[in-house]
> 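Take this structure, written in structure tokens, and hold onto it; I'll ask about it next.
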Amino acid sequence: AQSVTQLDSQVPVFEEAPVELRCNYSSSVSVYLFWYVQYPNQGLQLLLKYLSGSTLVKGINGFEAEFNKSQTSFHLRKPSVHISDTAEYFCAVSHGGATNKLIFGTGTLLAVQP
Amino acid sequence: GAVVSQHPSRVICKSGTSVKIECRSLDFQATTMFWYRQFPKKSLMLMATSNEGSKATYEQGVEKDKFLINHASLTLSTLTVTSAHPEDSSFYICSASIPSGSSEQFFGPGTRLTVL
């Protein structure tokens, strides 16, 4: 069975500082990995995804993530955060296919302080 | 592209009434739609997977008679919360995946249901 672990429920960081949000997954087969962002009272927006190929994936808003198969991780990073990056971030995993479920982590609240 | 809408965005109803939430894929055809429930400061809980023209597949612990799902066309799925009670108050989010997709789901903006 697949599972996703986001160990940090909240990450406080000062504006313009770098940030890393951690995500680890468990699966016995190949997976697709996603990071979504949710602003208050809104749905989820895709930040980036890993399907295959290069393990370093670049997404929107300056975010990137690196797929590490040996460590079963897919950590999200941004070199310099803005106040507007304050939101909930969800890591998700799937086996693929349009009908396949996404398994979500518990989310990490990125709280950017001035 | 790949825009999903939900209606209404917010609804308040009395206990015992039924509420219907619509989920539409605006610029693509979605053979599969998903319904999630999200509690405050919690992750998304998948309620059911909705396939066009067939019965929805419900997750364990989700009452199918309580949460009626209909996916009558390739662009519309509806969730009806029947005989709603205060404990059904929550944020309901739908998503849709494209037929040739990689499991990427496109999410609607969510519906805030408050049952008095």
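All values below come from the heavy atoms of this structure, side chains included, with hydrogens, waters and symmetry mates left out.
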> Check each atom of A:Tyr36 against the heavy atoms of chain B and say whether the ones under 4.5 Å are side chain, backbone, both or neither.
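A:Tyr36 touches chain B through side-chain heavy atoms alone.
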> Only one of A:Phe63, A:Phe90, A:Phe74 clears side chain to side chain contact (heavy atoms under 4.5 Å, CB included) with A:Trp35; which?
A:Phe74
> Where on A:Gln38 is there a heavy atom nearer than 4.5 Å to chain B: the side chain, the backbone, both, or neither?
side chain
> Below 4.5 Å from any heavy atom of chain A, which atoms of B:Gln38 appear? Answer side chain, backbone, both or neither.
side chain
> Are there more than 12 heavy atoms of other residues, nucleotides or ligands under 6.0 Å from atom CZ of B:Arg112?
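Counting other residues, nucleotides and ligands, CZ of B:Arg112 exceeds 12 neighbours.
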> Is the shortest side-chain N to carboxylate O distance from A:Glu20 to A:Lys78 below 4.0 Å?
no
> Testing B:Thr80, B:Asp88, B:Thr82 for side chain to side chain donor-acceptor pair (under 3.5 Å) with B:Lys66, which one passes?
B:Asp88
> With a 6.0 Å cut-off (strictly less than), is the heavy-atom count around NZ of B:Lys64, excluding the residue itself, greater than 12?
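Counting other residues, nucleotides and ligands, NZ of B:Lys64 stays at 12 neighbours or fewer.
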> Out of A:Leu109, A:Ile103, A:Thr106, A:Leu102, which one racks up the most heavy-atom pairs below 4.5 Å with chain B?
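Going by pairs under 4.5 Å, I would pick A:Leu102.
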> Between A:Ala92, A:Gly43, A:Gly105, which has the largest tally of heavy atom pairs under 4.5 Å with chain B?
A:Gly43
